[in-house]
Every structure is written in C-alpha cells, then in structure tokens.
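Per chain, numbering begins at 1; letters A, B, ... match sequence-line order.
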Amino acid sequence: MQISFTLNGRPTTVEVEPATLVAELLREQLSLTGTHIGCDTSQCGACVVHLDGLPVKSCTLLVPALDGATLLTIEGLQGAPGSNRMHPMQEAFREHHGLQCGFCTPGMLMTAVALATEKPDLTEADVRHGLEGNICRCTGYQNIVVSVMAGAAAMNAAKGE
Amino acid sequence: MGNVIGIGASPKRKEDQRFLTGRGNYVSDIKRPGMTAGVFVRSPHGHAVLRGIDRSAALAAPGVIAVLTGADAAADKLGSLPCGWGISDAKGVPMKEPPFPMLAQGKVRFVGDMVAFVIAETPEQANAAAELLKIDYEVLPSVVGVLEAFRPGAPQLFDDVPNNICCDWELGDKAAVESAFRKAAHVAKLSLVNNRLIGNPMEPRAAIAEYEPGTDRFTLWTTSQFPHVVRFLMGALVLNIPQHKLRVVAPDVGGGFGVKQFHYGEEAVITWAAKRVMRPIKWVASRSEGYVSDRHGRDHVTEAELALDETGKFLAFRVNTLANMGGYLSTFGPNIPTNLYGPLLGGVYTTPAIYCNVKVVFTNTVPVDAYRGAGRPEATFVLERIVDVAASEMGIDRVEIRRRNMIPKEAYPYQTPVLVQYDSGDPMGCLDGALVAADVKNFGVRKSASASKGKFRGLGYSTYVEACGLAPSRFAGRLGARGGLYESATVRVHPTGQVTVMIGTHNHGQGHETTFAQIVSEKLGVAFENVDIVFGDTDRVQFGMGTYGSRSLVVGGAALSKATDKVVAKGKKIAAHLLEAAEVDIQFKSGKFSVAGTDRAKTFEEIAGAAYVPHDYPLEVLEPGLEEQAYYDPVNFTYPGGCHIAEVEVDPETGTVTLVNYTAVDDVGTVINPMIVEGQLHGGIVQGVGQALFENAVYDESSGQLLSGSLMDYCMPRADHMPMMKVATHSTLCTHTPMGVKGCGEVGTIGSPAAVINAVVDALSHLGVTHVDMPATPNRIWRLLQNASLPVAAE
Ligand code: FES
Ligand code: FES
C-alpha cells in the first residue's frame with residue numbers, strides 16, 4: 001500500500017506492506033538507521049520517534065498509522081538538513097556526558113525532548129519517571145538525568161529569546 | 001591551530017557527534033549489495049538427542065537459499081569453538097574440555113543451542129522457512145543448578161565428563177588454613193548464592209559476512225570487543241581460513257560488558273555460509289534470542305568460613321564454590337570462577353592464609369563466561385559479606401573490623417597468600433574519604449526519620465580491591481591462558497603533523513577516541529582535534545587483544561604512550577640534523593624540538609614535514625617517514641579498589657528496597673579524563689546495583705527453560721531506581737604502568753553488590769536477619785519479614 005506522511009519536514013510517500021513496522025520502514029527502506037531496535041517487547045525505548053509531536057515506540061507502530069501524519073526521527077532533530085547546529089538537548093547530552101555507547105541515545109533524546117516540551121519546569125523526579133521506558137545499560141542514568149534537565153532549561157531559554 | 005588537551009582534562013567526547021545525530025555505524029546499520037538474511041534455529045529443549053533434521057519443506061519455501069546444519073559443518077571438517085583458557089586441578093590434571101560444535105551435533109545441551117542456519121532473500125522468508133524445519137528431538141531430563149548437577153544420578157551432559165565436573169580447582173595453602181582455624185577464637189560462616197546474570201548490552205549481537213571470490217577473502221562485520229581475537233580463533237582454529245584472507249570489522253558497538261568478548265558460533269557459521277552461498281549474509285539477534293545465546297555471567301553457590309582471633313583479626317579464610325559453566329566451555333569460561341576469583345579473596349586485608357576450592361560444573365544452561373567484573377564481584381561479595389557477618393557475631397563495629405585488618409598504605413607492595421602482589425593502594429584513605437562523603441556521622445538521624453515513616457534504613461560498606469589490566473602474558477600463561485595479553489598501538493604522524501593512531505583495543509562506549517587522543521595531544525604537543533583514533537578493523541589495525549578486564553587504558557594506553565615516545569626519539573634525531581646539534585642536546589617540550597640552552601627550535605610539524613620530504617635529512621642513518629609502533633606487555637595486573645557505601649530504605653509493608661544514597665571513593669590510579677571516569681563509575685555501580693536488587697536469570701529445574709527470557713521478566717535498572725550517586729577518586733599511582741593508570745571500567749560493578757546487600761541486611765538486622773541473597777526483590781524481602789515473624793512495624 002501507499003502511505004504519505006511528513007518525515008523530518010519533508011513530504012514523503014512510501015510503498016509498503018501494511019504489516020511493516022515504522023522502525024523497519026525507517027531503517028530498511030529509508031536508510032534512517034539512527035532509530036535503533038534494542039528489544040522485541042516494547043521495553044527499551046531505543047526506537048522512540050515523534051508522531052505528530054508525541055513520543056512513540058516505532059517498533060510497535062505499524063506504517064499505516066503514519067498516513068497523513070508528521071514523523072520526526074533523530075535525523076531530523078537537528079533542524080535544517082545539512083546544518084551542523086545541534087538541538088539544545090543534543091548539546092546538553094554532549095556537555096554532560098549523557099551517552100557512552102550511543103545505542104540508547106537517539107531514543108533517549110527523542111523522549112527527553114518530548115518530556116521537556118510537555119513540562120518546561122522538569123524536576124529530577126519527573127525526568128527519572130519520564131525515562132522509565134528507556135533503558136540505558138552504560139551510563140547508570142545519572143548523566144542522562146543531568147543532561148535532560150540542562151537540555152530542558154536550554155530549550156526554555158531558547159523559547160524566551 | 002587548536003589546543004593541546006592533555007591528561008587530567010575533560011574535553012567533550014570526539015565520538016559524540018555521530019551518536020547524538022543518529023549517524024553511528026553499528027553492524028545492524030550496514031547494508032551490502034546482494035545481501036541475504038540469515039536466521040538461526042535454536043533448540044527449544046534444555047537437553048535432547050538430535051535424531052535428525054528434515055529440511056526439505058524449508059528448502060522449498062519461497063526465497064530460501066540454503067539450510068545448513070551440524071552435519072554440513074562436520075562434512076566440511078570445521079573445528080569446534082575453542083576455549084582460550086585451560087585450567088587444571090590440584091594434581092595438574094587438565095579440565096574436561098568437550099567439543100563445542102558451532103551447530104549442534106548429536107545432542108543439544110541448552111535452550112538456545114544452535115541447530116540450523118536458514119538463509120533466504122529476506123528475514124521474513126528466513127523466519128518462515130525456519131518454522132518448516134522438522135527437527136526430531138528425543139528429549140532428555142535437564143539439570144540447570146550447580147548443586148543438582150553433580151549429585152549422583154543427575155543427567156549427564158557428556159559421556160566422558162563424570163558428574164558433570166569440568167574441573168575441581170583449588171588455590172592456596174589448605175594445611176595452613178586448617179591449622180589457623182584450629183586456633184581461631186571465632187569462626188564466621190556464610191552460605192550464599194551469586195545470582196546468574198545476563199549482560200544485556202542495549203545493542204543486540206549481529207553479524208554480516210561476505211566472501212569475495214576475486215581475492216579469496218572473507219569479511220566479517222561483528223559486534224565484538226576483540227576483532228583480532230575473533231580473526232585468530234575463528235580463522236586459525238575453526239574455519240581454517242588463513243589470517244591474511246580474513247578481515248574482521250567491529251564498527252560502532254552498542255555496549256559490551258563482556259557479552260561481546262567471546263568468539264561465538266554465529267560468527268563462524270555466517271562466515272562459512274557466506275562462501276557456500278556466494279552472497280553476503282546478515283544476521284541480527286532479537287533481544288529474546290540474546291537472552292538464550294549471549295553468554296551469561298556469575299552463577300555461584302558458595303560456602304565460606306572466616307577464622308578470627310579474639311580481637312577480630314582475620315587468621316584464615318576458606319571458600320568452597322560451585323561455579324556454573326553452562327552447556328559448553330565458552331572463550332574465557334573456566335578462567336572466570338577460578339583465576340579471576342580465588343586470587344581476589346584476600347581483598348584489602350592482611351589475612352595470612354587463604355584456601356579456595358572451586359568445582360566448575362556443566363549444566364543445561366547457556367554457557368557462562370565473563371560479565372563486567374568477571375570473578376572479582378563474586379570474590380568481593382563473599383569476602384565483604386562475611387566480614388559483616390563476623391563483625392556482627394563478635395560485636396565489633398563494621399568499620400572498625402575493616403580497619404583492624406586493612407593493609408596499611410605503607411605495606412605496599414603487598415604480597416597476598418593467593419598469587420597476586422598488589423603494587424599500590426590506600427584502602428584506609430578511600431574508607432575515610434567515603435565515610436565523610438556519605439555523611440555516615442548523621443546516619444542515625446536519617447534512620448530515625450525513616451523509622452518515623454515506618455521504614456527500616458540500613459547502611460552497607462564494601463571496601464574492596466580488584467585485579468585488572470589483563471594481563472601479564474607470562475603470568476597468564478602459567479595460569480592456563482592460551483594466548484598473549486599484550487596490546488599494540490601505531491602512531492602515524494602525517495606529513496602535516498596531524499596524527500592517526502591505530503590501536504588494538506575496542507571502543508564501545510568507554511570514550512577511547514577521546515582519552516587516547518588526550519594522551520597523544522599531551523605527549524606530542526599536537527592539538528587534540530588533530531588526533532584520530534582508529535580501532536576495530538583487522539585490515540587497518542596491526543593487531544590487538546581487544547577490550548575487556550579494564551585493560552584498554554592500562555595496557556593499550558601504555559602501548560600508545562610507548563609509541564609516542566618512539567616518535568619523539570626519532571623526531572629528536574631529525575631535529576639534531578636540521579639544527580646541527582648533537583642528539584643529546586635536543587629537548588622536546590610542548591610540541592617543539594629545541595637545542596638546550598638556545599632559542600633554536602623546530603616545531604613538531606616541521607619535523608614531520610622533513611621526515612616525509614627528506615631533502616635535508618640524514619638518509620644514510622635514518623629512514624624517512626614518521627610512524628612508530630609499540631607493543632606493551634604489562635609486568636603485573638593493576639589493582640584498583642576503593643570504598644563504596646550504600647544506604648537503603650526497606651518498606652516492611654511491601655518488601656521494597658529503595659536505594660536512597662550511594663557513595664563511592666575509588667582508587668583508579670591516574671585519571672586521564674575525569675568526566676569519562678565518572679561515567680564509567682556510574683555505569684558500573686548501577687550494573688552492580690542491578691545484580692543486588694533486580695537482576696536474576698532463572699531456569700526451570702526440569703525442562704531447562706529460561707523463565708526470565710525477556711526485558712519483561714528480567715528486571716534491568718531504570719532511571720527511577722537510582723538516587724544521584726556521589727563518586728570521587730582517591731588515587732595512588734600504579735607503580736608499573738607508564739602513566740600510573742589502574743583502570744576504571746569494572747570497579748563500580750565489583751564494589752557495589754556487597755555494599756547494597758550489606759545495607760539491606762543492616763536495615764533488617766534488628767529482626768535477626770543475617771543474610772539476604774541477591775537479588776533482594778520485594779518478594780524475597782517480604783517473605784523474609786514474614787518468616788522473621790516479628791512485629792513488622794518499625795521500631
Ligand atoms: S525497540 Fe522499541 S522499545 Fe525496544
Ligand atoms: S549509552 Fe549505551 S545503552 Fe545508553
């Protein structure tokens with residue numbers, strides 16, 4: 001079947017089997033391999049993308065759900081293609097060593113941006129709770145939590161500008 | 001021109017840009033032209049005779065290219081998966097080492113044992129065809145626990161391994177220990193279980209193999225911590241592919257923790273199959289597949305006894321352990337519960353006599369091998385738990401009993417009675433630092449506050465040491481290692497003075513691209529951004545043993561440091577010629593070669609330029625070019641250690657243990673990048689907390705089914721399980737590594753389980769609780785509280 005949607009700001013049309021998962025579509029057909037697959041039980045959050053502005057686990061979402069929708073993946077977080085400026089949340093993760101092997105990172109960033117968008121004055125408890133669906137085996141979460149709080153503050157500051 | 005960023009600085013990591021923007025290059029991201037998909041068919045039984053496989057229906061299914069089985073591997077005369085360590089018993093009798101075929105032959109020995117490999121055009125087709133294989137199993141009874149495995153009448157995994165015992169290993173002076181026990185004023189006893197763990201790096205294992213008929217070369221992309229070792233083991237010992245015809249690439253790897261430091265059958269099968277089908281093949285494990293095929297960790301049952309005099313001085317320590325090996329010997333399997341366990345039973349104490357017996361046992365479970373810490377967390381857990389038991393039985397404060405037995409800073413180098421000699425350390429300094437950082441002084445206030453909310457609060461200590469930086473080759477060879485354990489680095493200075501380093505360790509989260517660049521920047525005075533680190537490709541990197549056992553900076557960093565010294569030495573010769581001075585008069589500092597006592601100097605870039613455009617150059621005595629290589633084999637292990645203090649709150653209503661505070665003061669030697677070291681400590685601690693409170697791989701006794709086979713059944717630490725940890729370093733320098741580094745990758749995981757469980761026991765001690773096995777789940781604690789049959793309300 002044919003599905004049309006907006007992918008990272010660009011109108012996109014794909015021809016797919018209806019049973020295809022969004023994570024597979026992105027990785028296999030569209031070669032957007034920044035969305036990772038870390039599990040088969042919707043537990044790890046490595047695959048989180050934004051569907052119409054809300055965080056979803058793309059490993060559990062079937063492609064027909066994309067029809068007419070807006071999808072943002074880690075590759076689109078930075079803004080204009082080709083720009084080297086990172087999103088404030090990406091900058092915060094770099095600044096505060098919020099990543100080690102990088103495998104959970106795209107999902108963490110997408111979840112973090114959604115958390116900060118939804119609640120601008122995030123507390124540490126909010127962040128820890130909000131990251132419950134994202135597993136990181138490397139960092140022990142501490143620097144991720146610090147990064148998300150700093151990233152949220154930077155997003156707020158940017159909004160104020 | 002950029003800046004020198006050297007030792008002790010915390011620049012932002014070079015690797016982060018690609019990971020933050022979704023541009024990492026993990027194996028599962030790679031596509032090759034004409035690529036096919038491979039799927040492994042695995043045994044659903046813990047133990048069965050494999051009577052036959054009918055593959056006709058699978059072969060006829062759409063898109064199927066081939067179906068390979070153990071019979072095909074046998075027909076092609078492929079080798080068994082090799083074990084890298086051979087241990088022996090006290091009489092020198094070598095361990096039992098049954099073959100480990102890459103695809104099962106005759107029998108399957110654990111749920112997940114590989115039976116067939118299906119190759120098709122797409123993963124969906126391969127999976128569908130796999131369902132059509134008719135496999136005739138004669139199911140046998142399984143045995144999964146170590147205690148059961150060597151009881152008379154237990155199911156036997158191998159005909160020639162009586163009682164499933166692989167090796168009955170021992171270490172230490174048994175007679176001296178016995179005589180010390182006879183003189184003891186007090187003997188503390190403890191039985192415990194070290195729970196079985198699954199490493200679960202977030203990136204599942206994956207591999208792609210390709211054969212190029214034009215050059216007769218194979219390429220394997222694999223999620224590995226040690227590509228050169230895979231090339232050697234697989235090429236030389238399993239598939240009989242000459243080393244120069246085999247390239248192994250481990251690109252970005254999403255965490256390892258030991259799980260990816262073995263040569264797996266999947267790697268061998270896919271490489272062999274790629275030539276048979278003349279197409280590239282890709283296999284990516286699902287998480288569930290990882291649970292039944294990634295090597296597991298720990299799984300000990302232990303009885304320990306500590307003999308003390310009337311003042312609480314340790315006289316002798318005796319430990320009997322049963323260690324689970326699973327169904328076959330994995331790459332490092334038998335080394336972990338023996339050589340990496342027994343020698344650490346001295347801990348930071350002056351215990352004069354130690355004896356350790358380890359029975360290494362086969363069971364119908366996934367092979368057990370190294371997982372972050374590997375042997376050392378198990379040793380630390382036994383020792384630090386029994387110290388607490390002894391303290392409470394003798395009525396001595398837990399900190400005081402530790403102080404009375406600790407090796408004083410001045411006593412280093414310290415020879416233990418169990419092989420190892422610690423070169424440096426200051427356990428007392430770490431303890432003192434941690435007591436202050438954890439605000440132990442005011443613990444009583446916090447405990448009362450908890451009690452007023454109906455909660456039990458407890459504090460737990462772990463003062464520990466570990467041995468890492470694997471390893472001195474000669475020493476390891478005496479203990480049974482079948483390979484060397486050095487490391488290598490090449491420093492390639494380009495004509496313009498920028499530097500590319502080829503190093504044999506592998507970066508999968510540890511930040512090597514940053515830390516190693518700092519070393520080069522400092523030593524050569526080159527801007528940090530002008531240094532790149534290359535790893536993970538046997539065609540690009542000369543050789544290497546890879547990353548495990550906290551060895552990368554200790555051994556690899558030392559090789560790198562030596563190679564930069566050689567660059568400077570050659571640079572001085574070139575400078576002496578250009579500056580018309582004697583070589584002894586040339587000094588190298590801050591990126592400049594100068595004649596001592598003059599202002600005549602050449603920059604590092606000018607020297608590099610001269611080396612590659614050798615017009616004015618001593619060609620008669622010196623080769624052009626500026627590229628140096630060094631191999632480094634350490635003279636000893638390194639011995640990081642420290643003090644961890646955990647504080648927990650137990651809710652008696654639910655049995656839930658909440659970790660409320662965590663403090664670690666660790667001695668990791670010289671710190672190159674404090675930000676990265678802190679990150680390693682955080683991650684390590686949380687993995688140890690996971691073992692103590694949440695994680696447990698559970699098998700069904702009779703069927704051999706893994707009951708905790710998904711992220712829903714195997715509880716991993718999440719962000720809301722942890723408080724903000726306080727970590728700090730209190731370093732003494734390693735006396736034998738070039739930069740004084742000791743390694744920091746595993747300390748967190750080694751120190752933490754004992755600290756957490758000691759805190760849980762402390763919280764419940766007023767109820768008569770003296771030990772809690774890991775993981776301290778709400779269910780386990782709640783039952784314990786019911787059995788304590790004491791009023792459950794807090795005092
Ligand atoms: S891959 Fe989607 S939650 Fe794990
Ligand atoms: S950085 Fe490796 S899993 Fe999070």
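Residues from residues 127-135 of chain A that place a non-hydrogen atom less than 4.5 Å from a non-hydrogen atom of chain B comprise A:R128, A:H129, A:L131, A:E132, A:G133, A:I135, given in numerical order. At a heavy-atom cut-off of under 4.5 Å, chain B is reached by no residue from residues 49-57 of chain A.
Residue contact with chain A, scored on non-hydrogen atoms closer than 4.5 Å, involves the backbone and the side chain of B:S28 alike. The part of A:E24 that comes within reach of chain B is its side chain, from C-beta onward, which places non-hydrogen atoms under 4.5 angstrom from that chain. Contacts of B:M716 with chain A are made by side-chain atoms alone, with heavy-atom separations under 4.5 Å and no backbone atom involved. Proximity to chain A (any heavy atom under 4.5 Å) is shown, for B:L20, by both the backbone and the side chain. At a 4.5 Å heavy-atom cutoff, B:V284 makes no contact with chain A through either its backbone or its side chain. If you measure heavy-atom distances from A:I37 to chain B, the contacts under 4.5 Å come from the backbone alone. With a threshold of 4.5 angstrom between heavy atoms, A:Y141 approaches chain B through side-chain atoms but not through N, CA, C or O. Both the backbone and the side chain of B:I676 come within less than 4.5 Å of a heavy atom of chain A. Contacts of B:S710 with chain A are made by side-chain atoms alone, with heavy-atom separations under 4.5 Å and no backbone atom involved. Looking at B:E678, neither its backbone nor its side chain comes within 4.5 Å of chain A, counting heavy atoms on both sides. Of the two parts of B:Q680, the backbone and the side chain both hold a non-hydrogen atom closer than 4.5 Å to a non-hydrogen atom of chain A.
Between B:P123 and B:A37, the shortest heavy-atom contact is N-CB, 3.3 Å. For A:P18 against A:P64, the heavy-atom pair with the smallest separation is O-CD, 3.3 Å. Contact detail for B:R287 and B:N200: the closest heavy-atom pair is NH1-OD1, 2.9 Å. The minimum heavy-atom distance between B:I208 and B:K282, with the atom names listed, is CG1-CG, 3.7 Å. What you find for B:T663 and B:A437 is that their closest heavy atoms are CG2-CB, 3.6 Å. Taking each heavy atom of B:V292 and B:R42 in turn, the nearest pair found is CG2-CD, 4.3 Å.
Side-chain atoms of B:Q261 do not come within 3.5 Å of backbone N or O of B:F226 as any donor-acceptor pair. One N or O on the side chain of A:D67 and one on the backbone of A:S4 form a donor-acceptor pair closer than 3.5 Å. With B:Q225 contributing its side chain and B:H506 its backbone, the two residues share no donor-acceptor pair below 3.5 Å. Between the side chain of A:R137 and the backbone N or O of B:G254 there is no donor-acceptor pair closer than 3.5 Å. Side chain of A:Q100 to backbone of B:G679: a donor-acceptor contact under 3.5 angstrom is found.
Taking chain B as the reference chain and counting heavy-atom pairs below 4.5 Å, the highest number among A:E124, A:E75, A:R94 is found for A:R94. Of the listed residues (B:A719, B:P723, B:G683), the greatest number of heavy-atom pairs within a distance under 4.5 Å of chain A belongs to B:A719. Highest contact tally toward chain B, considering only A:I74, A:L99, A:T41, is held by A:L99 [criterion: heavy-atom pairs under 4.5 Å]. Most heavy-atom pairs under 4.5 Å with chain A, from the set B:P717, B:P201, B:G748: that is B:P717. Between chain B and the options A:E91, A:E28, A:M89, heavy-atom pairs under 4.5 Å are most frequent for A:E28. With chain A as the partner, the residue from B:G24, B:S10, B:G199, B:A285 showing the most heavy-atom pairs under 4.5 Å is B:G199. Listed options A:C39, A:C44, A:S31, A:G98 were ranked by heavy-atom pairs under 4.5 angstrom with chain B; first place goes to A:C39. If you tally non-hydrogen atom pairs under 4.5 Å between each of A:S42, A:G34, A:G38 and chain B, the highest count goes to A:G38.
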For this session: Report the C-alpha separation of A:D40 and B:S288 in whole Å, then their side-chain angles, then the decisive distance to 0.1 Å, and conclude whether the side-chain hydrogen bond (donor to acceptor under 3.5 Å, both in side chains) test is met.
Result: CA-CA 7 Å; A:D40 44 12; B:S288 332; 2.3 Å; yes
Exercise. Step by step, would you call A:T73 with A:N8 a side chain to side chain contact (heavy atoms under 4.5 Å, CB included)?
Worked result: CA-CA 7 Å; A:T73 71; A:N8 297 333; 2.9 Å; yes
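Counting non-hydrogen atoms of other residues, nucleotides and ligands closer than 6.0 Å to CD of A:E118 gives a total of 12 or fewer. Heavy atoms from other residues, nucleotides or ligands lying under 6.0 Å from CE of B:M712 number 12 at most.
Cation-pi geometry between B:K14 and B:F516 is not satisfied (NZ or CZ under 6.0 Å from the ring centre, within 45° of the ring normal).
Between B:H644 and B:Y662, a ring centre-to-centre spacing shorter than 6.0 Å is recorded. Not less than 6.0 angstrom separates the ring centroid of B:F535 from the ring centroid of B:H512.
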